[in-house]
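Input: a single structure, listed below in structure tokens.
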Amino acid sequence: MRTVTTLLAASALLLGAGAAVADDHDRIEIDGVVLTLRAPAPAYLENMDEVMSGWLFRSEETQALQLDDFDNPAFVFLDQAMDDWSRVEGSEGKSCASCHEDLSGFAGLKTVLPRVVDGGLQTMEDIINAERVNRMGAEPLKYDSAAMNRMVALIGLQSRGMPMNVAVDGDAAPFWEQGRELYYTRVGQLDMACANCHEDNYGNMIRADRLSQGQINGFPVYRLKNAKLNSVHGRFKGCMKNIRATPYKPGSEEFKALELYVASRGNGLSVETPSVRN
Amino acid sequence: MKHTGVMLAVVAFASAATAAEIAPQDVVFEGGAVAGSLTGVPGDPASGRKIFLNRKKGNCLACHANADLADQPFHGEVGPPLDGVADRLSEAEIRGILVNSKMTFEDTIMPAFYRDEGFNRPLEKFKGKTILTAQEVEDVVAYLLTLGE
């Protein structure tokens, strides 16, 4: 399991005591899987040349927690999700495992979500709940709940190391445009858009925190700040409240569109689920 | 009876102070600058220094480094350092940037600290409110004017 490369050890030294953007490497290895931390920005990102994993913006101590699954606190929750996976629920007497022989069959699924299905955006949460309701006869899980976030993380983990590759054109185009509009729209009493921090100021310190590009390829993310798995929509909500804006609801059409757009800004980066951040 | 008289005098004084205050929508800009005091009451630099630091008030240090607060950890890097700002900007320019920085820098990330309308989806509890009061703006102006070389 412990597969920290010498390359990484060397760069960790260079990072020194404080947080710093690690300019000197573009890959890490976790459990034998190589993760790409930098990629050329997709052509539709007009104001950036390179997309960068949030891992690069964190302190050496925080970075280290993600490099070994034994150290990564998210895996406590993934163990719980494994129990959920084989627990029978609902009127049909089934668990997830009744139909899905092997979790590894989900390799690649996270890389293409959200995607358009039947004219609407479908997220991992939507897929999980549709399966629960339609096949198991079970209650849907609350969007952005502990049980939902850990199952999203467990299925996301099956894609770890694979490049994010959400569709932005075709029938996804109008949703992507909506998400792009939200990304650049100033909101709240502080009157800021996502882009003000995560496009114009990534790498800069905002008090004790170093601003990242706001990539979501590592979500759900274990945050040291609240010691739990955090969903994409939960993080969007937190950001909006920070700038004193009324958040959209987790699972809303707005947040799904924003999720698609932000995911597309990370196309080319590896799935890092479950990542560790501060 | 005497007590009531004192109370009335205090209330009268408070209303007079409010009347002299310029409402956010009545602030007059010349370019990005605001020449006159928002309150007519001189700013208190010591109070301004506290507001500069306070995360629920100015929270200026979140984005601007400031050598006068070298004892505080984690100075921001989003805006320019404010060392010597009093030598670079006039009082009116500083006040204008605090009231609404977008009148000086069109696309800035910096919030407007004395504006109470025109926001998109503000949280209910901040609706119709400014980030700082008029006097708090004057206090921060007074503090920043102490940051000369």
Side-chain angles (χ1 to χ4, degrees), chain A residues 17-21 46-47 57-59 62 178 181-214 225 233 236-250 252-255 257-258 278, chain B residues 24 51-66 69-82 97-133 136-137:
Chain A
V21 180
E46 292 157 26
N47 308 318
F57 297 88
R58 303 281 55 96
S59 72
T62 306
Q178 183 192 1
E181 180 73 23
L182 287 165
Y183 190 87
Y184 287 102
T185 300
R186 289 178 187 260
V187 291
Q189 192 195 37
L190 302 196
D191 203 26
M192 293 176 189
C194 308
N196 287 123
C197 284
H198 299 293
E199 182 168 281
D200 302 340
N201 278 293
Y202 65 83
N204 287 331
M205 295 292 284
I206 188 156
R207 203 71 185 254
D209 193 19
R210 191 173 293 282
L211 290 167
S212 74
Q213 290 186 347
K225 178 180 178 165
H233 293 197
F236 289 164
K237 184 177 157 186
C239 262
M240 289 188 77
K241 288 174 96 167
N242 284 345
I243 53 177
R244 301 184 176 181
T246 306
Y248 298 101
K249 290 191 173 17
S252 63
E253 297 309 310
E254 288 87 353
F255 272 171
L258 185 59
N278 53 334
Chain B
I51 294 161
F52 188 98
L53 267 176
N54 187 321
R55 286 163 201 259
K56 293 196 185 300
K57 291 286 189 175
N59 198 20
C60 312
L61 197 63
C63 291
H64 299 278
N66 176 0
L69 296 164
D71 58 321
Q72 295 287 327
F74 306 123
H75 293 212
E77 300 173 340
V78 171
L82 293 176
I97 292 170
L98 286 173
V99 168
N100 185 356
S101 55
K102 291 174 188 79
M103 300 297 282
T104 303
F105 309 108
E106 195 184 345
D107 296 323
T108 184
I109 183 175
M110 182 171 161
F113 286 87
Y114 195 61
R115 184 181 153 205
D116 62 0
E117 59 186 6
F119 297 117
N120 185 12
R121 302 181 67 84
L123 269 178
E124 199 58 44
K125 67 175 170 177
F126 296 110
K127 222 172 248 180
K129 301 218 168 84
T130 58
I131 301 175
L132 296 180
T133 66
E136 286 169 340
V137 171

- Side chain B:Arg121, main chain A:Thr246, donor-acceptor under 3.5 Å: yes

- Message: Could you go through B:Ile109 and A:Met192, starting from their C-alpha distance and side-chain angles, then the distance that decides it, and tell me whether this counts as side-chain contact (heavy atoms from CB on, under 4.5 Å)?
- Response: CA-CA 6 Å; B:Ile109 183 175; A:Met192 293 176 189; 4.1 Å; yes

- Measure distances from A:Tyr248 to the heavy atoms of chain B and classify the residue's part below 4.5 Å as side chain, backbone, both or neither. both

- Item | Pair A:Arg207-B:Gln72, side-chain contact (heavy atoms from CB on, under 4.5 Å): steps then yes or no | CA-CA 10 Å; A:Arg207 203 71 185 254; B:Gln72 295 287 327; 3.9 Å; yes

- Name the option with the most non-hydrogen atom pairs under 4.5 Å to chain B; the candidates are A:Asn204, A:Val187, A:Leu211. A:Asn204

- Spell out, as yes or no, whether a donor-acceptor pair under 3.5 Å connects the side chain of B:Glu77 to the backbone of A:Met205. yes

- Message: Between B:Asn59 and chain A, with a heavy-atom cut-off of 4.5 Å, which part of the residue counts as in contact: side chain, backbone, both or neither?
- Response: side chain

- Any chance you could measure B:Phe119, atom CZ, to A:Ile243, atom CD1, to the nearest 0.5 Å? 11.5 Å

- Smallest heavy-atom separation, B:Asn120 atom then A:Arg186 atom, equals ND2-O, 3.2 Å

- Query: Partners of B:Lys102 by salt bridge (charged side-chain N to carboxylate O under 4.0 Å, His left out), sequence neighbours excluded?
  - Reply: A:Asp191

- Which bit of B:Glu124 comes within less than 4.5 Å of chain A, counting heavy atoms only: side chain, backbone, both or neither? backbone

- Note on the structure: Rounding to 0.5 Å, atoms NZ (B:Lys127) and CD (A:Gln189) come to a distance of 12.0 Å

- Query: So does A:Glu181 have more than 12 non-hydrogen atoms from other groups sitting under 6.0 Å from CD?
  - Reply: no

- Task: Determine the option with the most heavy-atom pairs under 4.5 angstrom with chain A, choosing from B:Ile131, B:Leu123, B:Thr130.
- Result: B:Leu123

- Separation between CZ (B:Phe74) and CD1 (A:Ile206), nearest 0.5 Å, reads 14.0 Å

- Partners of A:Lys241 by salt bridge (charged side-chain N to carboxylate O under 4.0 Å, His left out), sequence neighbours excluded? none

